Asker: 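Dropping the structure in here first, questions after.
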2 protein chains.
Amino acid sequence: MAQSDTVDRILDAAEELFAERGFSETSLRMITSKAKVNLAAVNYHFGSKNALIHAVFARFLTPFSATLEKAFDELEESCGDQPPTLNQTLWALTESAIRMPQRNEKGISIFMRLLGLAYTQSQGHLRKFLEQEYGDPFSRFMRLLKAATPQLSAVDRYWRIQFMLGATAFTMSSSDALRDILQNKTGVETSVQEIAMRLVPFLAAGMQAEDTMLVPPRGSKISVA
Amino acid sequence: MAQSDTVDRILDAAEELFAERGFSETSLRMITSKAKVNLAAVNYHFGSKNALIHAVFARFLTPFSATLEKAFDELEESCGDQPPTLNQTLWALTESAIRMPQRNEKGISIFMRLLGLAYTQSQGHLRKFLEQEYGDPFSRFMRLLKAATPQLSAVDRYWRIQFMLGATAFTMSSSDALRDILQNKTGVETSVQEIAMRLVPFLAAGMQAEDTMLVPPRGSKISVA
DNA sequence: ATTCGCTTCAAACGTATGTTTAAAACAGAC
DNA sequence: GTCTGTTTTAAACATACGTTTGAAGCGAAT
């Protein structure tokens with residue numbers, strides 16, 4: 001809504017539509033008509049639809065990964081030679097996300113949904129792009145998680161990280177419409193801060209759960225191998 | 001691979017391709033060529049692509065929801081007037097899923113991924129179909145969860161259920177290719193039982209985490225409202 | 001042997017998509 | 001004012017999609 005530059009108008013419209021409907025389900029004509037821009041403008045300025053998708057991610061992810069690296073730097077420095085705790089690591093990530101300058105009020109939640117879609121919707125080109133462009137901070141986050149949970153076996157940690165990513169990406173990516181399924185329409189708080197406040201303790205607790213092999217309750221047909 | 005009936009061959013091929021690539025990204029021509037069936041067969045037997053998607057879900061979900069209702073019946077009966085515990089409820093669901101007769105070795109994991117896609121990929125028609133066809137057992141599961149976590153406020157419970165669904169659906173929906181991002185290529189165990197064994201304790205621990213409003217660590221810029 | 005209902009088939013239909021083209025419009029420098 | 005490089009525009013292009021059509025094939029009952 002701010003600048004009237006074509007490139008930004010396209011990026012804004014694309015970002016919103018992708019988040020609402022997914023990538024394949026959003027056509028260039030929807031984007032250009034929402035952005036009030038000629039259809040050919042996308043191919044002129046970005047080259048292709050896939051390149052536009054990459055640009056949408058890069059616009060957010062490039063400054064974000066810089067912020068994140070800085071946050072990790074500070075965290076590791078302030079911890080001396082001790083590795084940061086799980087809570088510290090999770091909060092470093094969360095705060096970096098929340099503190100990013102937002103283009104509009106729903107900036108972050110839109111982007112969280114995009115990240116979730118990127119992970120779920122198996123667009124080969126997108127995954128390749130994200131991996132080689134932003135793989136470093138991601139690996140670093142994984143390393144921190146590993147150092148913060150030395151009690152976990154590699155396999156346990158692997159799966160629990162998977163669960164964490166799931167809860168996060170999925171929660172952020174679930175549209176308002178889907179939330180109605182839970183029948184909770186009592187004007188529940190939806191600010192990203194508020195969600196993060198609830199999510200991080202949930203993740204930390206799950207990550208540090210005592211027994212990974214809880215014995216199934218009495219009468220269970222599942223046998224523990 | 002079993003029967004040579006056209007309808008089943010289409011359902012098998014569709015199930016697998018949908019799980020691999022998503023709904024919009026899978027064309028009828030891919031399905032019919034994988035099923036070695038004429039293109040028009042889909043519209044002849046099912047009416048439309050959307051109806052085929054519904055049929056894929058119904059083939060699994062109808063017997064599953066029957067099994068699940070029975071499991072809930074037994075559970076509630078065995079508990080007398082006490083409400084079933086969180087662990088019992090989660091295991092009842094898990095066991096019902098695992099014990100479903102599988103068409104082939106990867107039957108369940110394929111279907112789990114489909115469920116994840118159904119929730120994530122906001123296909124209006126699918127959500128409407130699932131909601132009105134299988135809304136009852138889902139609501140019942142929600143009611144059990146509520147009774148099993150009386151200590152949680154409605155808002156807390158709402159979000160934590162969201163987190164649980166997320167971890168579950170997302171884990172199930174993440175493709176093998178995506179797992180490589182975690183750099184864990186050491187031939188990790190992937191049977192659904194194995195995953196469930198690890199997931200349920202994670203969920204239970206998160207669901208019962210002590211403080212939903214954990215104070216952000218020292219130096220945090222996030223203020224607790 | 002013929003008929004009848006169901007199924008398969010190749011071909012086509014109409015539409016929507018991403019992309020390209022070539023001309024027009026525009027802005028700034030000379 | 002004219003020229004130059006960039007941007008916008010309307011139109012077309014080629015392709016892929018879901019769906020429809022009408023004829024051919026088939027098996028069982030008559």
Side-chain angles (χ1 to χ4, degrees), chain A residues 2-59 114 117-118 121-129, chain B residues 2-59 114 117-118 121-129:
Chain A
Q3 33 225 333
S4 139
D5 186 31
T6 301
V7 169
D8 287 318
R9 288 236 302 285
I10 292 177
L11 284 173
D12 288 341
E15 185 176 278
E16 204 161 331
L17 285 173
F18 285 152
E20 271 176 23
R21 332 183 6 113
F23 304 109
S24 332
E25 293 84 355
T26 302
S27 71
L28 290 186
R29 284 168 175 81
M30 293 179 197
I31 294 171
T32 55
S33 98
K34 174 171 188 132
K36 295 202 172 75
V37 150
N38 186 275
L39 167 62
V42 168
N43 286 279
Y44 176 76
H45 287 287
F46 297 94
S48 69
K49 183 182 179 179
N50 280 353
L52 169 62
I53 297 179
H54 297 174
V56 167
F57 276 87
R59 181 166 67 150
L114 283 182
L117 286 182
Q121 207 152 324
S122 60
Q123 301 247 11
H125 69 96
L126 220 195
R127 200 169 61 244
K128 213 167 295 177
F129 169 78
Chain B
Q3 33 225 334
S4 138
D5 185 31
T6 301
V7 170
D8 286 318
R9 287 235 303 284
I10 293 177
L11 284 174
D12 288 340
E15 186 176 276
E16 204 160 330
L17 285 173
F18 285 152
E20 272 176 22
R21 330 184 7 113
F23 304 110
S24 331
E25 294 84 355
T26 303
S27 71
L28 290 186
R29 285 168 174 83
M30 294 179 196
I31 294 171
T32 54
S33 98
K34 173 171 188 131
K36 296 202 172 78
V37 151
N38 187 275
L39 167 63
V42 168
N43 286 279
Y44 175 77
H45 287 286
F46 297 93
S48 69
K49 182 182 179 181
N50 280 352
L52 169 61
I53 297 177
H54 297 175
V56 167
F57 277 86
R59 180 165 67 150
L114 283 182
L117 286 181
Q121 209 152 323
S122 58
Q123 300 247 9
H125 69 97
L126 220 193
R127 201 168 60 245
K128 212 168 295 177
F129 169 78

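Because the structure is a prediction, the values reported are computed rather than measured. Within every chain, numbering begins at 1; the chains are lettered A, B, ... in the order of the sequence lines, protein sequences first and strands thereafter.
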Asker: Distance check needed: D:dG18 P versus B:His125 NE2, whole Å only.
Answerer: 12 Å

Asker: Is the shortest heavy-atom distance from the side chain of B:Phe46 to the side chain of B:Val56 under 4.5 Å?
Answerer: no

Asker: Calculate the interatomic distance between A:Glu25 atom CD and D:dC17 atom C1'; express it in whole Å.
Answerer: 14 Å

Asker: With a 4.5 Å cut-off on side-chain heavy atoms, are A:Asn50 and A:Phe129 touching?
Answerer: no

Asker: Just N and O in the side chain of B:Thr6: are any of them under 4.0 Å from OP1 or OP2 of C:dT7?
Answerer: no

Asker: Is any side-chain nitrogen or oxygen of A:His45 closer than 4.0 Å to OP1 or OP2 of D:dT8?
Answerer: yes

Asker: Send over the distance from B:Ile10 CD1 to C:dC9 P, rounded to a whole Å.
Answerer: 11 Å

Asker: Could you tell me how far apart B:Ile31 (CD1) and D:dC17 (P) are, to the nearest whole angstrom?
Answerer: 11 Å

Asker: Heavy atoms under 4.0 Å is the rule here; annotate nucleotides 14-25 of chain C 5' to 3' with B where the base is hit, S where only the sugar-phosphate is, and - elsewhere.
Answerer: ---BBBBB----

Asker: Indicate yes or no for a side-chain donor-acceptor contact from A:Lys36 to the backbone of A:Arg9 under 3.5 Å, with no hydrogens or angles considered.
Answerer: no

Asker: Could you grab the distance from atom CG of B:Leu17 to atom CG of B:Asp12, nearest 0.5 Å is fine?
Answerer: 11.0 Å

Asker: To the nearest Å, how far apart are A:Asn38 CG and D:dT8 P?
Answerer: 9 Å

Asker: If we only count heavy atoms from C-beta on, is the A:Phe23 to A:Leu114 side-chain gap below 4.5 Å?
Answerer: yes

